[in-house]
Amino acid sequence: MDRGTDRAEQGTATESAEPGRVPLAVVVVDRDGLVSHWSRGARRLFGTPKEEAIGRTALDLLPVSGALPEEQDTPYTAFDGLGPDLESSLDGGLSYPAAGRARLTAPGNGRVDVLWWAYPLVGPGPERLLVLAADADGLRAGDGAFERIVPGFALHTDFPGAEDLARRLPEILPSMSVGESARIVGQILELGYPVLEFSQNDRVPVTPDWGVARRAERKARRERAARALAAGEPVPEELRDEGEDLEYAAVRERLEFLNEVSGRIGTSLDLSRTITEVSRAVVPRFTDVAGTYLREQVVAGEEFADGVPDTTTMWHRVAVEHTDEPGRWDDVVPVGEAMPFPAHTPFFQCMTSGEPVLVPRISEEMGHAIAAQFEKRDIRPLITGRSMLVVPLKARNVVLGFMILLRHPERPVFNDMDRVTGAELAARAGLVLDNARMYTFQENVAETLQDSMLPHIPPRMAGCDIATRYLPGTQLGRVGGDWFDAVKLHGGRTAFVVGDVMGHGLNSAAMMGQLRTAVQTMAGLDLPPAQLLRNLDDLAQRLGDTYLATCLYAVYDPIASELHLANAGHIPPVLVRAADGRSELLDLPTGAPIGVGGVPFEAVRVRVEPGDRLVMCTDGLVEVRGEDIGVGLATLCESAAHPAASMDDACDTIIRALNTRGGRKDDVALLMARLGGIEPDDVAAWRLALDPAEVSRARAAVREQLHDWGLPKLVAPAELMVGELVTNALRHSHARPVELRLVRGDTLLCEVDDDDHELPTLLNAGPLDEAGRGLRVVSTLSREWGTSRTTTGKTVWFELTLPRR
């Protein structure tokens, strides 16, 4: 049905008669009680033109005098007398939503039966009260059929500030469902004309008797029954039906409230979001102030000891929701504060008993006792005179926290039924919070596990700078099978590794840990790349045939300026040339994944220059479901070639270029190395004949070279250790000359090669032993030392820290 501006302005009978919808009047009252907005609907309903209404006192224009006596010519009797609540709202006496009905004599309209809602506006701005009203005659056709009525919005409003109202609508109408509020917010700018939408299920914050007017006798009977129930007295026999109706209505209202709250909390497993949902679910429908406190360990996502909390237990204030003016609570009870609670407080009673604690009114004495724990802050004006209900947040019989609920003095105090409602609310909220807490705890465990499995690679290794990134899968938690590593080898070389165990979860992470350890071990043995992958494949076969993995292994020699690479089913690396900034995918023999078994691996050598960059990653970075992987590889090449101020910036550029395309589900490992190389002037080498006299020549050569390099402080220890290693090498060599090499890089590296394949070991030499002291001297004086086999024998090496300049 078309509701254009003209139709809205005319308020046709067709529109009014549409099933389920009745036009609304919209009035906004400012802080001084003056009308600041008067809609066309208000003009139709109350008979006062907008020009005459704006700026007048709202009490002079709106129906606040209550119901008028019943007239003989109408089937309606007097209303329930809710008019004074509107007067209290207009006077600023009520700060929570109210609703009711009344009758007035409107100029030109005769007697008008009015249903009204008053919503205090939340947030900045001059308006303080939104009043919606409707002609009750529009509901006569539905006599008894509709029990719940809520404000909605249809086409074309002239309401100024509608955009602001749209932003704040979920706060103004807090009891409406999330879906209902979202629907209204989505329509208000385009479909802003206010109407009533009524059905059997919708609700507003305050629920008067929405049906048609009751007979005066029935009203009186209900009032007598209500007074008896409120006083805790037996309901007289003749009023039993009325009392049962009231009890049934009250129970039904609370069940509907609990059902509504359950639907609004627990929409995610994020702990902070869950806390916010729990706090906002009860304000202002059930309470005016809600403060949520949780155990310190719950906030941190950690486990805590069993047992009842005590006076040393720290409680974090994680949320404070209220209907007071903005900022009133922020300085006195800031979110994030942690504090214990003394034994004499109702909060301690609640947390230790696990049961709700009801305080009908906070007395001056109790207010002073509570305020005593807030140093240099006077909380008494915020709590004294208010009704308080403290409810525990429990799960599995463990108190995780509690909520402090406060009502304004003008609202009815919390009663026993509210205590039951609050306990049920807290029980549901406790389960939701516990789920979020356990999820947070499991995420922390997974993150710790993954971090422990990923290496901590130094940003600088011999002849190269390194940067890495790891991104968990978007839907698969922190644990995955992707890994990277950089392993220090003798001769100033570095091995770079990137691998990916197929699959996800803890099993893949465990397999990844085993393969990564194996690669580190075999790299330390200085196995050639192809042989290392062959051994790794054999290991995977022994571990079982459940998992497959891809792996790219590269050895960088900064002295020879070359890469030695082998690939096991992995995506190729990118090499960015420093000379012209050109990037390319290295053409490597692909090989089969680790775990296939019986497949040969091939290695290639690639010449590099100082400043070239090597980029290795897993397929999670370049592969997107439904897209050819070539698109991702092309983007990888392009982004890797982009100039960057640092290695970290270069990694971030690649991540931004590839991680924002959407659709990524897999985890990502990225390793980038800038291959700086080692200058020939920083390398010195000698060949020593198999003659004991060569030991003194070796010492003299080292002494002279270190003086040339400006390292006189290293002469003494270097001479001594070189003498020991050369002596051992000459003693065990068979035919080939001994080779001695010094490399000046980030450290001073000394290597001694011979043709004996037997690796020396560190021994405990006794006082009379003639051997075994050489390596002990090297181990004591060096920064680091080691041995490794080569194709022609072995290498023994040590490093010394360069002195600061």
Side-chain angles (χ1 to χ4, degrees), residues 453-455 457 466 468-471 473 480-487 494-504 508-509 511-516 518-520 522-523 527-541 547-556 563-576 583-606 613-624 628-637 640 651 654 658 664 666-673:
M453 289 185 170
L454 292 175
I457 300 174
I466 303 172
T468 60
R469 292 291 185 274
Y470 176 80
L471 302 178
D482 290 19
W483 89 93
F484 51 76
D485 209 343
V487 184
T494 303
F496 304 120
V497 191
V498 170
D500 182 2
V501 177
M502 298 181 185
H504 305 282
S508 295
M511 181 68 175
M512 176 268 284
Q514 295 179 83
L515 295 182
R516 174 175 167 253
V519 170
Q520 284 186 324
M522 290 187 285
L527 294 181
Q531 184 61 48
L532 183 143
L533 294 183
R534 174 73 275 143
N535 292 359
L536 192 64
D537 183 59
D538 293 340
L539 173 64
Q541 291 288 305
Y547 293 98
L548 299 175
T550 63
C551 184
L552 178 62
Y553 184 80
V555 175
Y556 171 55
L563 289 168
H564 194 191
L565 308 98
N567 189 7
H570 203 80
I571 62 173
V574 174
L575 186 62
V576 183
S583 63
E584 61 177 318
L585 287 172
L586 294 183
D587 186 12
L588 307 179
T590 303
I594 299 298
V596 171
V599 179
F601 298 98
E602 300 179 46
V604 298
R605 295 182 183 272
V606 177
R613 283 183 289 144
L614 179 69
V615 180
M616 304 163 63
C617 68
T618 54
D619 58 4
L621 184 61
V622 298
E623 192 172 33
V624 174
D628 189 280
I629 193 173
V631 177
L633 291 174
T635 306
L636 174 63
C637 286
C651 284
I654 294 175
L658 288 155
R664 182 179 69 81
D666 202 358
D667 41 351
V668 170
L670 171 67
L671 183 148
M672 178 184 292

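- Among residues two or more places apart in sequence or in another chain, the side-chain contact (heavy atoms from CB on, under 4.5 Å) test is passed with Val596 by Leu548, Ala592, Pro593, Val599.
- When every heavy atom of Pro589 is checked against every heavy atom of Asn567, the shortest pair comes out as O-CB, 3.5 Å.
- For the pair Val668 and Leu658, the minimum side-chain heavy-atom distance is 4.5 Å or more.
- For Pro455, the side-chain contact (heavy atoms from CB on, under 4.5 Å) partners at least two apart in sequence or on another chain are Ile457, Phe484, Asp485, Arg516.
- Taking Gln514 as the reference, nothing meets the side chain to side chain donor-acceptor pair (under 3.5 Å) condition, with sequence neighbours excluded.
- The shortest distance between side-chain heavy atoms of Phe601 and Leu532 does not fall below 4.5 Å.
- Across all their heavy atoms, Ser583 and Cys637 have their closest contact at OG-O, 2.8 Å.
- Considering CD1 of Ile466 and CE of Met672, their distance stands at 12.0 Å, rounded to 0.5 Å.
- Using a 4.5 Å heavy-atom threshold, the side chains of Leu552 and Leu588 count as touching.
- The distance from the CD1 atom of Ile594 to the CG atom of Asp538 is 9.0 Å, given to the nearest 0.5 Å.
- For Asp537, the side chain to side chain donor-acceptor pair (under 3.5 Å) partners two or more places apart in sequence, or in a different chain, are Arg534.
- With contacts defined as side-chain heavy-atom distances shorter than 4.5 Å, the pair Leu515/Trp483 qualifies.
- Residues Met616 and Val497 are not in side-chain contact: their nearest non-hydrogen atoms beyond the backbone lie 4.5 Å or more apart.
- At least one side-chain heavy atom of Thr618 sits less than 4.5 Å from a side-chain heavy atom of Val498.
- Across all non-hydrogen atoms, the minimal contact from Tyr470 to Asp482 is CE1-O, 4.0 Å.
- The environment of CD in Glu602 is sparse: at most 12 heavy-atom neighbours from other residues, nucleotides or ligands sit within 6.0 Å.
- For Asp619, there are no side chain to side chain donor-acceptor pair (under 3.5 Å) partners at least two apart in sequence or on another chain.
- The side-chain heavy atoms of Cys617 and Leu636, taken from C-beta on, include a pair separated by under 4.5 Å.
- Under a 3.5 Å cut-off, the side chain of Thr550 and the backbone N or O of His570 do not form any donor-acceptor pair.
- Of all heavy-atom pairs spanning Leu536 and Ala518, the tightest one is CD1-CB, 3.9 Å.
- Residues passing the side-chain contact (heavy atoms from CB on, under 4.5 Å) test with Ala640 are Val574, Val576, Val615, Ile654, sequence neighbours excluded.
- For the pair Pro529/Leu565, no side-chain contact is recorded, criterion being any heavy-atom separation below 4.5 Å from C-beta on.
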side-chain contact (heavy atoms from CB on, under 4.5 Å) evaluation trace for Leu671 with Phe496 = CA-CA 8 Å; Leu671 183 148; Phe496 304 120; 4.0 Å; yes

Step by step, work out the side-chain contact (heavy atoms from CB on, under 4.5 Å) result for Val604 and Leu586.
-> CA-CA 10 Å; Val604 298; Leu586 294 183; over 6 Å; no

